[in-house]
Enquirer: 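The structure that follows is given in the form of structure tokens.
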Amino acid sequence: MTARLNAEFVTDVLNMVDLIPTGRVASYGQIAKLIYRPHNARLVGKVLGKYGGKGHHPCHRVVTANGRLVPGWIDQRPMLEAEGVPFKDENHVDINHCRWQGL
DNA sequence: CGCTTGACTCGCC
DNA sequence: GGGCGAGCCAAGC
């Protein structure tokens with residue numbers, strides 16, 4: 001995972017998301033930091049929406065730092081719920097309790 | 001070639 | 001504790 005500005009970045013993001021354990025979620029900033037790009041959190045979401053949606057990566061386990069799910073993606077809630085992720089609201093997960101600590 | 005937008009984050013009020 | 005604004009990077013028009 002080197003500091004690249006192209007496909008390497010995408011590969012690293014997808015790789016990180018793919019290794020998130022079931023019943024656990026990670027925030028965009030968390031992943032961005034793991035790939036040495038703390039300011040590219042927005043890119044993580046963009047990548048997931050493009051490559052993640054096309055590939056077989058558990059992009060549904062990735063939420064915002066606030067624990068909010070993807071706006072417009074209603075299927076994300078039941079998917080996370082089925083994996084054992086506690087929910088605060090219909091659009092917010094208890095990220096404080098299920099945050100991925102794979103650091 | 002430059003402005004707009006986006007599955008974000010953090011600081012300030 | 002919740003709402004608002006600024007910052008950052010990349011892709012699309």
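Below, chains carry the letters A, B, ... as their sequence lines are ordered, and counting in each starts from 1. Because the structure is predicted, anything quoted here is derived from the model rather than measured. Only heavy atoms go into these numbers, but all of them, side chains included; no hydrogens, no water, no symmetry mates.
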Enquirer: Need one value for A:Gly49: base, sugar-phosphate or nothing, where a base atom within 4.0 Å counts as base even if backbone is also close, heavy atoms only.
Expert: base

Enquirer: For A:Tyr36 and C:dC9, give me the distance from atom OH to atom C1', rounded to whole Å.
Expert: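 Atom OH in A:Tyr36 sits about 20 Å away from atom C1' in C:dC9.
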
Enquirer: Mind calculating the distance between CZ (A:Arg68) and C1' (B:dC8) to the nearest angstrom?
Expert: 10 Å

Enquirer: I need the NE2-P distance between A:His92 and B:dC8, as an integer number of Å.
Expert: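 So the NE2-P distance, A:His92 to B:dC8, works out to 12 Å.
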
Enquirer: Does A:Val25 sit in a hydrophobic cluster with other residues, and if so which ones, taking ILVMFWY side chains as linked at heavy-atom separations under 4.5 Å, directly or through other members?
Expert: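 Once heavy-atom contacts under 4.5 Å are chained together, A:Val25 belongs with A:Val63, A:Leu69, A:Leu80, A:Val85, A:Phe87, A:Val93, A:Ile95.
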
Enquirer: Please name the residue in the list A:Leu19, A:Asp18, A:Val47 that meets the side-chain contact (heavy atoms from CB on, under 4.5 Å) test with A:His57.
Expert: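 Among A:Leu19, A:Asp18, A:Val47, the one that satisfies the side-chain contact (heavy atoms from CB on, under 4.5 Å) with A:His57 is A:Asp18.
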
Enquirer: Could you tell me how far apart A:Leu14 (CG) and B:dA7 (P) are, to the nearest whole angstrom?
Expert: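 Distance, rounded to whole Å: 17 Å.
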
Enquirer: Looking at the side chain of A:Lys50, which of B:dG6, C:dG12, B:dA7 is the nearest nucleotide?
Expert: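 The closest nucleotide is C:dG12.
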
Enquirer: Any donor-acceptor pair under 3.5 Å joining the side chain of A:Arg42 to the base of C:dC9?
Expert: no

Enquirer: In whole angstrom, give the distance that lies between atom CG of A:Leu48 and atom P of C:dC9.
Expert: 19 Å

Enquirer: Out of B:dA7, C:dC9, B:dT5, which has the shortest distance to the side chain of A:Leu43?
Expert: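 Taking heavy atoms from C-beta onward, the closest nucleotide is C:dC9.
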
Enquirer: Check the distance between C:dA10's P and A:Glu8's CD and give it to me in whole angstrom.
Expert: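 Answer to the nearest Å: 14 Å.
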
Enquirer: Is it true that A:Gln30 and A:Arg99 share a donor-acceptor pair across their side chains at a distance under 3.5 Å?
Expert: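 Result is yes, a qualifying pair exists.
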
Enquirer: Ignoring hydrogens and geometry, is there a side-chain-to-backbone donor-acceptor pair from A:Gln76 to A:Val70 under 3.5 Å?
Expert: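 Confirmed, A:Gln76 side chain pairs with A:Val70 backbone.
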
Enquirer: Could you check which of B:dA7, C:dG12, C:dC8 has an atom nearest any side-chain atom of A:His39?
Expert: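 It is C:dC8.
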
Enquirer: Output yes when A:Glu83 and A:Arg61 qualify as a salt bridge under the 4.0 Å nitrogen-oxygen rule, no when they do not.
Expert: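 The answer is yes: the pair qualifies as a salt bridge.
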
Enquirer: What nucleotide among B:dG6, C:dC9, B:dA7 has an atom nearest to a side-chain atom of A:Asn40?
Expert: C:dC9

Enquirer: With a 4.5 Å cut-off on side-chain heavy atoms, are A:Val44 and A:Phe9 touching?
Expert: yes

Enquirer: Both distances under 3.5 Å, Watson-Crick or G-U wobble: on that basis, could you give the dot-bracket string for DNA chain B, with [ ] for crossing pairs and | for other-strand partners?
Expert: .|||||.||||||

Enquirer: May I ask you to evaluate whether A:Lys33 reaches the phosphate of B:dC8, defined as a side-chain N or O under 4.0 Å from OP1 or OP2?
Expert: no

Enquirer: State, with a plain yes or no, whether a side-chain heavy atom of A:Tyr28 is found less than 4.5 Å away from one of A:Leu48.
Expert: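 The answer is yes; the side chains approach within 4.5 Å.
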
Enquirer: Take atom CG of A:Asn66 and atom P of C:dG3, then tell me their distance rounded to the nearest Å.
Expert: 10 Å

Enquirer: Give the rounded distance in Å between these two atoms: CZ of A:Arg37 and P of B:dT9.
Expert: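 Checked: the CZ to P distance equals 17 Å.
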
Enquirer: Compare the minimum distances between each of B:dG6, C:dG12, B:dA7 and the side chain of A:Trp73, then state the nucleotide with the smallest one.
Expert: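 Out of B:dG6, C:dG12, B:dA7, the nucleotide with an atom closest to A:Trp73's side chain is B:dA7.
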
